[in-house]
Protein chains: 2
Amino acid sequence: MGEKGSAKRNRIIAAADTLFYEQGYNLTSFSDIAEAAGLPRGNFYYYFRSKEEILAAVIDHRLQHIRVLLNDWNTTWQDPRERLKRFVQMLRNSADELMRLGCPIGSLSSELGKTQRPLQSQARAMLDLFRDWIAEQLAALGMTEPDIETCALHLITVGQGISLVASVYQDRTMLTREATALDDWIDALGATDARAQGTSR
Amino acid sequence: MGEKGSAKRNRIIAAADTLFYEQGYNLTSFSDIAEAAGLPRGNFYYYFRSKEEILAAVIDHRLQHIRVLLNDWNTTWQDPRERLKRFVQMLRNSADELMRLGCPIGSLSSELGKTQRPLQSQARAMLDLFRDWIAEQLAALGMTEPDIETCALHLITVGQGISLVASVYQDRTMLTREATALDDWIDALGATDARAQGTSR
DNA sequence: GTCTATACCTTGATAGAC
DNA sequence: GTCTATCAAGGTATAGAC
């Protein structure tokens with residue numbers, strides 16, 4: 001693939017990607033990644049200078065994945081409302097994983113936010129992709145700033161809340177209910193006065 | 001105080017409580033706690049058999065703190081709506097800490113949910129206290145199951161989403177806006193048809 | 001009850017043979 | 001490019017002196 005497309009390097013990234021999600025960043029050791037990737041530990045430092053660099057590569061990899069996802073949605077749906085509902089549908093489709101491990105973006109950000117803020121800033125780029133894409137759909141619906149920013153972050157916010165509560169309570173029903181409420185919220189967008197719309201309904 | 005009220009034991013719990021919030025559970029070592037508590041490491045094992053036992057004690061301590069908090073609210077406000085708004089006000093009052101470190105309950109639960117589910121179950125008890133208290137207020141407003149459970153979890157859900165997004169984006173404005181929206185949501189509770197109320201507005 | 005000393009393991013990272 | 005051997009540091013936990 002790209003300029004950094006060594007096969008072994010990619011195997012390391014793929015293994016780390018999974019483990020960072022399943023165990024968290026801090027609890028995942030080089031040994032864990034080495035075992036999952038089927039490579040000896042010492043080989044890592046040829047591809048990455050440190051654990052942080054592996055995380056940066058994993059984030060890049062996830063960013064690429066999200067871009068592909070959003071592109072897919074853009075080509076499959078034209079109506080902004082349908083696109084936004086596709087975002088909500090993603091929550092439903094990921095229910096099993098969300099209940100088991102939470103949101104991969106949210107849990108990583110939460111972890112990094114405590115003692116590794118610079119890395120959290122990198123992770124935030126993943127949320128930014130979704131936020132900006134949502135903002136584009138809201139603009140297409142005729143919404144203007146600052147309502148766009150408000151509503152875009154509202155969708156992200158509820159999505160994160162759903163992920164955490166579903167994980168803590170192991171509750172699929174709650175996730176489904178909140179997703180339905182978000183669909184209704186999307187339907188109501190711009191239906192009445194856009195100013196009062198805000199995040200209150 | 002209680003039967004387990006050794007002064008040194010309490011110092012360990014207090015130090016661990018702070019550090020678990022600031023650094024997370026996994027990244028906090030015995031050395032960290034010992035330094036903060038001003039005690040030698042070896043002394044810990046007289047009071048706690050393991051790090052997990054310290055966490056259990058910290059959770060108990062936090063549970064007690066939450067019970068006192070809710071009791072305070074109950075004696076200060078009689079109107080269920082005022083009480084619920086006090087919960088929202090807590091989010092605003094904690095804005096600085098939430099932006100810096102996220103929700104102490106949510107971030108801990110997220111961390112433990114990956115590889116230490118039994119401990120996460122213990123941490124969930126903290127959320128349960130808030131959820132049950134919210135449910136009591138909703139019942140006092142004339143709401144019935146299953147709407148009570150739905151709406152109670154909705155408040156928790158949005159609170160968690162707010163905490164995470166405020167932490168990731170270091171955005172106080174977003175927190176304030178969502179809090180205002182929650183106040184409106186509380187005002188609207190039971191104002192119209194209770195069934196349609198649900199979580200959608 | 002309190003503290004020192006330390007055992008034993010795993011960690012991230014390095015050196016250097018092949 | 002790949003891998004083995006190993007480092008120093010820090011982790012949890014224990015033994016045992018006081």
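A, B, ... follow the sequence lines: proteins, then strands. Residue 1 opens every chain.
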**Student:** I'd like a table of donor-acceptor pairs (distance under 3.5 Å, sequence neighbours excluded) in which one partner is a side-chain atom from residues 133-142 of chain B, with atom names and distances.
**Tutor:**
from, atom 1, to, atom 2, distance (Å)
B:Trp133, NE1, B:Asn74, OD1, 2.9
B:Gln137, OE1, B:Arg83, NH1, 3.2
B:Gln137, NE2, B:Trp133, O, 3.2

**Student:** Between B:Phe48 and B:Phe30, does a ring-ring contact (aromatic ring centres under 6.0 Å, His included) hold up when you go through it step by step?
**Tutor:** CA-CA 11 Å; B:Phe48 304 98; B:Phe30 279 74; 9.2 Å; no
**Student:** With a 6.0 Å cut-off (strictly less than), is the heavy-atom count around CZ of A:Arg49, excluding the residue itself, greater than 12?
**Tutor:** no
**Student:** Is the CD atom of A:Glu52 crowded by more than 12 outside heavy atoms at less than 6.0 Å?
**Tutor:** no
**Student:** Anything under 30° is parallel, anything over 60° is perpendicular, the rest tilted; go ahead and classify B:Trp73 against B:Phe87.
**Tutor:** perpendicular
**Student:** Closer than 4.0 angstrom, basic N to acidic O: yes or no for B:Arg100 and B:Glu22?
**Tutor:** yes
**Student:** Do the non-hydrogen side-chain atoms of A:Arg11 and A:Tyr47 ever get within less than 4.5 Å of each other?
**Tutor:** no
**Student:** Side-chain contact, heavy-atom cut-off 4.5 Å: A:Val58 with A:Glu53?
**Tutor:** no
**Student:** For residues 32-41 of chain B, run the donor-acceptor check on the side chains, cut-off 3.5 Å, and write out each pair with its distance to 0.1 Å, sequence neighbours left out.
**Tutor:**
from, atom 1, to, atom 2, distance (Å)
B:Asp32, OD2, B:Ser29, N, 3.1
B:Asp32, OD2, B:Ser29, OG, 3.2
B:Arg41, NH1, B:Ser31, OG, 3.1

**Student:** Considering only heavy atoms, which members of residues 36-43 of chain B lie under 4.0 Å from some atom of DNA chain C?
**Tutor:** B:Leu39, B:Pro40, B:Arg41, B:Gly42, B:Asn43
**Student:** Quick one: how far along DNA chain C does chain A reach, first to last nucleotide 5' to 3', anything under 4.0 Å to a heavy atom?
**Tutor:** C:dT11 to C:dT14
**Student:** Show your working on side-chain hydrogen bond (donor to acceptor under 3.5 Å, both in side chains) between A:Gln89 and A:Asn93 and close with a plain yes or no.
**Tutor:** CA-CA 6 Å; A:Gln89 182 61 35; A:Asn93 291 347; 2.8 Å; yes
**Student:** What is the ring orientation for A:Tyr25 with A:Phe20, classed by angle as parallel under 30°, tilted 30 to 60°, or perpendicular over 60°?
**Tutor:** perpendicular
**Student:** Is there a residue in residues 22-30 of chain A whose heavy atoms reach under 4.0 Å of DNA chain D, and which residues are they?
**Tutor:** none
**Student:** Please list residues of residues 44-53 of chain B whose heavy atoms come under 4.0 Å from any atom in DNA chain C, ordered by number; otherwise none.
**Tutor:** B:Tyr46, B:Tyr47
**Student:** If you measure from the Lys or Arg side-chain nitrogens to the Asp or Glu carboxylate oxygens, is any gap between A:Asp183 and A:Arg81 under 4.0 Å?
**Tutor:** no
